[in-house]
Peer 1: 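Questions regarding the structure given below will be posed in turn.
Count residues from 1 along the sequence.
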Amino acid sequence: MYTQMLCGLYEREQVLRLGAVFASGLVRAIRFLQLHWEQLAHDIRTGTLNTLITNPSVCERMGKIMKPNPELADFVANECCKENWEGIITRIWPKTKYLDVIVTGAMAQYIPTLDYYSGGLPKACTMYAASECYFGLNLNPMCKPSEVSYTIMPNMGYFEFLPHDPTSTTTSSPTNLVDLVDVEVGKEYELVITTYAGLYRYRVGDILRVTGFHNSAPQFHFVRRKNVLLSIDSDKTDEAELQRAVENASKLLREFNTSVVEYTSYADTKTIPGHYVIYWELLMKDLNNSPSDEVLNQCCLAMEESLNTVYRQGRVACNSIGPLEIRVVKNGTFEELMDYAISRGASINQYKVPRCVNFAPILELLDSRVMSRHFSPSLPQWTPERRR
């Protein structure tokens, strides 16, 4: 990343797009620039590569590219030393036309952060893929992120679909698989693939909703990952619902020029009753106008108001679930979380922040970076459904 960023700065007038596979990767790259701009400016000024870069082939290649450029070094230093990083992408790379990143599903939460850094540049979601194979293309890549649909490419593998009922608590039988041509618009399915590499009826774990067809190829909207759940009692909260709750709560932060950069969650059953714990990393654009403890407590309540009726019944009527808790962590915490995952073998290109965690070392890392804790100050609204 260091040498890629260095090349990008040297060629700043030639850069037409910035991108990463996932939006989280691009946010991480900008954060990397925030942390290392002084070293990068020094290397540009002297035309020498940081001694921490030791790979021989990389050093040899960079030696052919790098030349002393004090004027560029001064520019980088002057832009990056400012406290306000709004529009930093277009300030450093003025010819950038768009951001090439996936911002569908859970990645949608990065849209406000990317808008802040880019000055609102368009975000193109071009493809739908995984480690197993490529699945589909977005034939309208400049559409709004909320309108993205991917057209399945039937030549990339053999695709089947397991019907998924979002209101059902039972799992569909694999014998109910639906072929590519038989899916129905508006219905949700779990993707099942057979690949040329040898995977046979592999369940990818993605839930997709059919939005239409391009010729005979179905088009899908990515809904969420399957079985990402928080649960204390009889409640079940999936990734999409958690995402909506975070989005609704974060609206309370707008008047403070603050947004949620990253989050994850944990079902804490050590307390009686158990409760949801949400870890937030915040981007505060105006340190003199940061949200108060009372505002963050209200964010907890706003999240609870956004969760399903079973959760709210557990809070109000059954007392089986305790008040939701938000733990605000220091900036860079989720960088450390990613570094930890990569050190255990995760791919940097395929890494996504886990939306629910229960692995003890990860929880210890998160808790060691907590700056403040906030709890829902009152019960969410809930009334029993009337049955006839």
Peer 1: Can you hop from F375 to L252 via hydrophobic side chains spaced under 4.5 Å?
Peer 2: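 No: no chain of side-chain contacts under 4.5 Å links F375 to L252.
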Peer 1: Indicate yes or no for a side-chain donor-acceptor contact from D286 to the backbone of N288 under 3.5 Å, with no hydrogens or angles considered.
Peer 2: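 Such a contact is found between D286 side chain and N288 backbone.
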Peer 1: Quickly, which of L253, V261, V329 forms a side chain to side chain contact (heavy atoms under 4.5 Å, CB included) with W280? Name it, please.
Peer 2: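 In the set L253, V261, V329, the residue that makes a side chain to side chain contact (heavy atoms under 4.5 Å, CB included) with W280 is L253.
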Peer 1: With no hydrogens and no angle check, do the side chains of T333 and Y279 hold a donor and an acceptor under 3.5 Å apart?
Peer 2: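 Y279 and T333 do not have a side-chain donor-acceptor pair below 3.5 Å.
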Peer 1: In the single-linkage hydrophobic clustering (I, L, V, M, F, W, Y; side-chain heavy atoms under 4.5 Å), do Y189 and V185 co-cluster?
Peer 2: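 Same cluster: Y189 reaches V185 through Ile, Leu, Val, Met, Phe, Trp or Tyr contacts under 4.5 Å.
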Peer 1: Answer whether the closest heavy-atom distance between the side chains of F334 and V27 falls below 4.5 Å.
Peer 2: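 Answer no - side chains too far apart.
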Peer 1: Give me the ring orientation class for Y311 and Y276: parallel if the planes are under 30° apart, tilted from 30 to 60°, perpendicular past 60°.
Peer 2: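 Tilted, since the angle between the ring planes falls between 30° and 60°.
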Peer 1: Without hydrogens or angle criteria, can the side chains of E247 and Q243 be said to hold a donor-acceptor pair below 3.5 Å?
Peer 2: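 Result is yes, a qualifying pair exists.
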Peer 1: Is R12 close enough and on-axis enough to F75, meaning under 6.0 Å and within 45°, for cation-pi?
Peer 2: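 Geometry flag: set, cation within 6.0 Å and 45°.
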Peer 1: Please list, chain by chain and in numerical order, all residues satisfying ring-ring contact (aromatic ring centres under 6.0 Å, His included) with F220, sequence neighbours excluded.
Peer 2: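 Partners of F220 under the ring-ring contact (aromatic ring centres under 6.0 Å, His included) test: F161.
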Peer 1: Are W37 and L18 joined in one hydrophobic group, where the rule is that I, L, V, M, F, W and Y side chains link up if heavy atoms are under 4.5 Å apart?
Peer 2: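 Yes, because W37 and L18 connect within a single hydrophobic cluster, where side-chain heavy atoms sit under 4.5 Å apart.
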Peer 1: Charged N to carboxylate O below 4.0 Å: is that the case for R315 and E304?
Peer 2: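 E304 and R315: salt-bridged.
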Peer 1: Taking distance alone, no hydrogens or angles, what donor-acceptor pairs closer than 3.5 Å link side-chain atoms of residues 145-153 to residues at least two apart or in another chain?
Peer 2:
unit_1: S149; atom_1: OG; unit_2: T211; atom_2: OG1; d: 2.9
unit_1: Y150; atom_1: OH; unit_2: T104; atom_2: OG1; d: 3.4
unit_1: T151; atom_1: OG1; unit_2: Q219; atom_2: NE2; d: 2.8

Peer 1: Answer yes or no: is there a donor N or O on one side and an acceptor on the other, between the side chain of K95 and the main chain of W93, under 3.5 Å?
Peer 2: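 No, because the side chain of K95 does not come within donor-acceptor range (under 3.5 Å) of the backbone of W93.
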Peer 1: Please tell me whether E325 and Y266 have a donor and an acceptor in their side chains that are separated by less than 3.5 angstrom.
Peer 2: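 Y266 and E325 do not have a side-chain donor-acceptor pair below 3.5 Å.
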Peer 1: Using 4.0 Å as the upper bound for N to carboxylate O, is an ion pair formed by K285 and E83?
Peer 2: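 The answer is no: the pair does not qualify as a salt bridge.
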Peer 1: Counting N and O atoms only, with roles assigned by atom type, does the side chain of T264 sit under 3.5 Å from a partner on the main chain of P354, one being a donor and the other an acceptor?
Peer 2: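 A pair under 3.5 Å: yes.
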Peer 1: Does the R327 side chain pair with the main chain of R369, one donor and one acceptor, at a distance under 3.5 Å?
Peer 2: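 Flag not set: sc R327 to bb R369 has no pair under 3.5 Å.
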Peer 1: Is the closest basic N to carboxylate O distance between R312 and D235 below 4.0 Å?
Peer 2: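 Looking at D235 together with R312, the answer is no, because their closest N to O distance does not fall below 4.0 Å.
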Peer 1: Any side-chain to backbone donor/acceptor pair from D293 onto H374? Under 3.5 Å, distance only.
Peer 2: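 Between the backbone of H374 and the side chain of D293 there is no qualifying donor-acceptor contact (under 3.5 Å).
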Peer 1: Using the salt bridge (charged side-chain N to carboxylate O under 4.0 Å, His left out) rule, take R355 and E262 through it: C-alpha gap first, then chi angles, then the decisive distance, then the call.
Peer 2: CA-CA 10 Å; R355 294 305 173 208; E262 198 56 271; 2.8 Å; yes
Peer 1: Has the side chain of N78 got a donor or acceptor atom that lies under 3.5 Å from a matching backbone atom of D74?
Peer 2: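 Confirmed, N78 side chain pairs with D74 backbone.
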Peer 1: Using atom types as modelled and distance alone, determine if a side-chain donor or acceptor of N50 lies under 3.5 Å from a backbone N or O of T3.
Peer 2: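 Checking the backbone N and O of T3 against the side chain of N50, no donor-acceptor pair under 3.5 Å is found.
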Peer 1: Are Y117 and Y98 connected, step by step, through hydrophobic side chains (Ile, Leu, Val, Met, Phe, Trp, Tyr) whose heavy atoms are closer than 4.5 Å?
Peer 2: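 Different clusters: Y117 never reaches Y98 through Ile, Leu, Val, Met, Phe, Trp or Tyr contacts under 4.5 Å.
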Peer 1: Look only at the side chain of T194 and the backbone of R201, and say whether a donor-acceptor pair between them is shorter than 3.5 Å.
Peer 2: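 Flag set: sc T194 to bb R201 pair under 3.5 Å.
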Peer 1: Linking I/L/V/M/F/W/Y whenever any side-chain heavy atoms sit under 4.5 Å apart, do M62 and Y2 land together?
Peer 2: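 Shared cluster, yes.
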Peer 1: So, the side chain of E241 versus the backbone of N308: is there a donor-acceptor pair under 3.5 Å, distance only?
Peer 2: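 Confirmed, E241 side chain pairs with N308 backbone.
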Peer 1: For E86, does its backbone N or O pair with a side-chain atom of N84 as donor and acceptor, under 3.5 Å?
Peer 2: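 Side chain of N84 to backbone of E86, a donor-acceptor pair under 3.5 Å: yes, one is there.
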Peer 1: Considering only heavy atoms from C-beta outward, does the side chain of Y263 approach that of I326 to under 4.5 Å?
Peer 2: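 No, too far: nothing below the 4.5 Å cut-off.
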